[in-house]
Number of protein chains: 2
Amino acid sequence: MFFLPLVPINSTTTLGRQSQYPNSWDVVRHFGIRLSDCFVVTQFSADPRPTTASDALPAPRLIALDWGTTSCRAYLLGPDGLVIETRSNGKGILQLSADPATKDAEFAAELTRLCGDWIHEAPHLPLLACGMIGSNQGWAEAGYAPLPSRIMAKGPALTPVETRQGILHIAPGLVKDAGADDHGLPDVIRGEETQLRGILSGKESPASSIIVLPGTHTKWVLLDEDEVLDFTTSMTGELYSLLIHHSILGRHSIPPRHPDEAAFLRGVDVGIGTESQEEGRPGLLTALFSARSLAMTNDLTADAVQDYVSGLLIGSEVAGFTRRWVGRTSTQEPPRPSITICANPSLASRYKRAFLRLGIRVNTAADDTTAKGLWHTAVLSGLLAKEKA
Amino acid sequence: MFFLPLVPINSTTTLGRQSQYPNSWDVVRHFGIRLSDCFVVTQFSADPRPTTASDALPAPRLIALDWGTTSCRAYLLGPDGLVIETRSNGKGILQLSADPATKDAEFAAELTRLCGDWIHEAPHLPLLACGMIGSNQGWAEAGYAPLPSRIMAKGPALTPVETRQGILHIAPGLVKDAGADDHGLPDVIRGEETQLRGILSGKESPASSIIVLPGTHTKWVLLDEDEVLDFTTSMTGELYSLLIHHSILGRHSIPPRHPDEAAFLRGVDVGIGTESQEEGRPGLLTALFSARSLAMTNDLTADAVQDYVSGLLIGSEVAGFTRRWVGRTSTQEPPRPSITICANPSLASRYKRAFLRLGIRVNTAADDTTAKGLWHTAVLSGLLAKEKA
């Protein structure tokens with residue numbers, strides 16, 4: 001008998017039974033193991049505990065969906081949020097909702113395709129979703145909770161949607177009102193509020209903390225214990241992708257065989273400089289072109305460009321938020337908030353190194369907290385009345 | 001007889017004779033005019049003067065090429081730089097030089113295709129080119145002149161290239177050394193130095209001036225009379241194109257029927273704020289996302305997004321350079337440099353309005369000065385020994 005506790009995040013994983021999706025067994029095939037000899041323990045378990053072949057299957061309690069712009073991941077959750085099964089190959093709202101006349105049918109068909117068997121086997125289970133499925137381009141608008149918002153103290157107001165498969169409850173996002181400051185810029189979060197619940201659950205929250213969720217649109221969240229005071233979105237990830245795939249900087253670059261630490265840190269330093277008030281420091285629009293001019297003057301190799309640009313963008317982002325949210329000097333009072341980066345290890349490490357360049361130590365946390373967050377959202381909102389959050 | 005003094009910049013234009021290129025006559029066909037009734041007066045004339053059907057054709061003196069990354073424009077120039085004919089449909093170096101083994105033949109073939117008849121008719125004419133044709137991805141590396149560089153006082157050192165059509169002289173660019181400041185960022189110009197010669201020719205240069213050349217990569221040039229002291233590149237134009245064509249901001253936008261002045265100025269104000277030290281002002285990476293969050297909160301219509309993003313980028317760029325090069329307050333001594341924007345009227349107007357938002361008046365100038373600049377480059381470098389610059 002083999003136990004495979006670690007499987008790729010993007011595959012379909014099961015606890016105690018085989019998945020119907022073929023890609024879940026790639027790792028098994030890769031190692032030449034007979035399927036009948038295997039139990040796979042998912043890495044997403046909210047409550048990991050020793051599992052043996054003789055364990056009975058836990059009874060499912062919740063079908064939970066992280067339904068975003070480009071993908072949908074479905075979780076079958078058991079007692080205490082234990083992940084029984086995960087399916088990661090669902091379509092995002094961009095692939096489904098182009099035509100308003102047919103979008104209801106398209107979303108319903110995708111829900112059936114992804115977890116119709118779960119619903120069929122246990123039709124009494126509540127259905128809960130978070131993410132862009134609740135935006136004005138999703139299945140139904142699920143609203144936003146305004147700031148400040150104490151995200152662990154009371155249940156979010158779920159929006160029920162009648163579907164062929166029963167009622168789908170959609171979690172609200174968070175909105176920062178345009179009037180919150182003098183500059184008239186609102187901001188919105190959808191999905192990350194649920195991820196935050198997963199991060200904060202079962203922990204003592206510090207009085208003041210910043211949680212950074214790097215990604216296509218990186219979210220910076222300022223909290224007082226579990227109360228979200230402010231958040232802001234930075235387009236760092238999308239801009240990096242645009243520059244590498246579509247700009248003149250990317251056209252003259254080649255992917256590095258290994259991450260180029262020196263090029264990354266060189267970029268970080270230039271990026272930090274874009275937020276400096278020192279004379280002669282270029283702004284971001286100008287600093288980015290240095291990836292081209294350094295290459296043209298033979299001072300940056302083609303395989304160093306991507307890490308240099310990555311460092312430049314992250315350095316600029318981290319320095320900007322540090323100046324605005326953390327304070328300029330290490331002696332400033334009151335004490336700095338604790339900072340936690342939630343991302344895959346490689347990306348988290350990039351942010352950690354950029355902060356270190358400013359003399360700031362940060363914590364890192366795994367980014368696979370959405371299943372746990374969906375569970376706590378269901379409990380806090382009364383969808384699972386008998387469970388404890 | 002008809003005179004057509006204004007034709008589109010991107011068409012092929014002639015003075016006194018018909019072009020062999022069909023697209024030069026689109027405007028004529030559009031108006032239903034018989035070709036035999038036409039003389040077209042180019043708008044690129046370096047020395048515009050009244051032209052009548054009875055004027056004799058001036059003798060050509062120089063074949064000049066503005067050979068850039070994505071296009072090549074050829075000019076047949078007469079006495080005093082008079083533009084006899086312009087051809088705009090040449091291929092840029094990106095379309096020609098992918099394979100080092102064949103690039104010589106490709107560049108030569110393109111030169112023949114574009115102006116082989118000019119060379120055949122007057123083989124004694126000097127050939128001069130500026131732009132990326134002289135970069136390490138062009139036909140031959142033509143070097144860079146270091147800063148400071150007095151661009152009108154002495155002739156630039158041309159690089160001669162032996163070709164099947166005779167010697168092609170390529171003008172050098174300008175380079176800002178990485179060691180010029182403490183921050184180690186070099187910068188390069190290729191082509192704009194020639195455009196600057198066209199702008200400065202025949203004028204009294206002010207003691208201190210800034211010339212802005214907006215485009216894909218906007219160049220900011222700081223001068224003392226005709227001496228280039230500093231220059232910097234801003235990726236504003238390319239970033240705008242990336243965001244509108246490839247990002248989530250563009251995906252949810254539609255082109256406006258008419259430029260949206262209010263959306264543009266709203267963007268300018270947010271962009272200016274990204275360079276502010278005031279608390280609560282978002283940086284550029286964050287401010288850009290407001291084009292999405294304002295749309296999601298129904299505060300920006302889909303057809304206003306593009307002008308908003310345009311304003312945001314230009315506002316950020318203009319405020320950044322104003323802070324760095326012009327001074328923070330209007331009372332600062334010494335007197336502010338004069339500022340001139342050289343761009344097509346629509347783009348120049350955007351920069352002018354962004355500066356006005358900061359209380360700064362600027363001049364605008366046409367951007368079709370490269371033919372004039374090529375002429376002066378030829379005269380200053382001795383390629384046309386008997387002509388006066």
Side-chain angles (χ1 to χ4, degrees), chain A residues 69 94 135-137 144 175-176 178 181-188 216-218 220 232-236 238-239 241-243 245-249 251-252 266 270 273-275 277 279-290 292-294 296-299 313 316-317 320-321 323-324, chain B residues 69 94 135-137 144 175-176 178 181-188 216-218 220 232-236 238-239 241-243 245-249 251-252 266 270 273-275 277 279-290 292-294 296-299 313 316-317 320-321 323-324:
Chain A
T69 303
L94 272 189
S135 74
N136 55 8
Q137 285 143 23
Y144 298 96
V175 66
K176 181 166 73 169
D181 56 35
D182 295 339
H183 312 301
L185 296 183
D187 206 341
V188 291
T216 303
H217 297 153
T218 297
W220 290 69
T232 302
T233 305
S234 179
M235 291 188 70
T236 321
E238 182 164 13
L239 208 55
S241 174
L242 293 176
L243 290 168
H245 294 117
H246 298 290
S247 86
I248 194 168
L249 308 185
R251 196 185 298 147
H252 297 288
R266 187 178 183 186
V270 173
T274 65
E275 288 287 336
Q277 291 302 296
E279 200 174 334
R281 292 284 194 174
L284 183 61
L285 288 167
T286 294
L288 283 171
F289 191 70
S290 66
R292 178 88 187 106
S293 55
L294 285 169
M296 290 183 79
T297 53
N298 301 314
D299 197 11
L313 289 170
S316 179
E317 179 189 13
F321 276 92
R323 181 163 66 75
R324 290 177 183 85
Chain B
T69 303
L94 272 189
S135 73
N136 55 8
Q137 285 142 23
Y144 297 96
V175 65
K176 180 166 74 169
D181 56 35
D182 295 339
H183 312 301
L185 295 184
D187 206 341
V188 291
T216 303
H217 297 153
T218 297
W220 290 70
T232 302
T233 305
S234 179
M235 291 188 71
T236 321
E238 182 164 13
L239 208 55
S241 174
L242 292 177
L243 290 168
H245 294 118
H246 299 290
S247 86
I248 194 169
L249 307 185
R251 195 185 299 146
H252 297 288
R266 186 178 183 185
V270 174
T274 65
E275 289 287 336
Q277 291 301 296
E279 200 174 334
R281 292 285 194 172
L284 183 61
L285 288 167
T286 294
L288 283 171
F289 191 70
S290 66
R292 178 88 187 105
S293 54
L294 285 169
M296 289 183 79
T297 53
N298 301 314
D299 197 11
L313 289 170
S316 178
E317 179 189 13
F321 276 92
R323 182 163 66 75
R324 290 177 184 85

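Quick caveat: nothing in here was measured; it's all calculated off a predicted structure. In what follows, chains are A, B, ... by sequence order, proteins preceding strands, each numbered from 1. Computed over heavy atoms, backbone and side chain alike; hydrogens, waters and symmetry mates excluded.
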Atom [atom1] in [X], atom [atom2] in [Y]: separation rounded to 0.5 Å?
X        : Y        : atom1 : atom2 : value
A:Met235 : B:Ser290 : CE    : OG    : 10.0 Å
A:Phe289 : B:Leu239 : CZ    : CG    : 13.0 Å
B:Met296 : A:Tyr144 : CE    : OH    : 3.5 Å

Chain A contact via [X] - which portion, at a heavy-atom distance below 4.5 Å:
X        : value
B:Leu284 : side chain
B:Asp187 : both
B:Ser247 : both
B:Leu313 : both
B:His245 : neither

Any residue meeting side-chain hydrogen bond (donor to acceptor under 3.5 Å, both in side chains) with B:Thr216, in chain and number order, not counting sequence neighbours: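 Counting only residues at least two positions away or on another chain, B:Thr216 forms no side-chain hydrogen bond (donor to acceptor under 3.5 Å, both in side chains).
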
Can you name the residues that form a side-chain hydrogen bond (donor to acceptor under 3.5 Å, both in side chains) with A:Ser316, not counting sequence neighbours?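 For A:Ser316 the side-chain hydrogen bond (donor to acceptor under 3.5 Å, both in side chains) partners, ignoring immediate neighbours, are A:Thr274.
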
For residues B:His246 and A:Glu238, is any side-chain donor paired with an opposing acceptor at under 3.5 Å?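 No, A:Glu238 and B:His246 have no side-chain donor paired with an acceptor closer than 3.5 Å.
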
Between B:Leu185 and A:Pro282, which heavy-atom pair has the shortest distance, and what is it?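 Heavy-atom minimum between the residues: CD1-CG, 3.7 Å.
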
Contacting moiety of A:Thr232, where chain B heavy atoms sit under 4.5 Å: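 A:Thr232 touches chain B through side-chain heavy atoms alone.
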
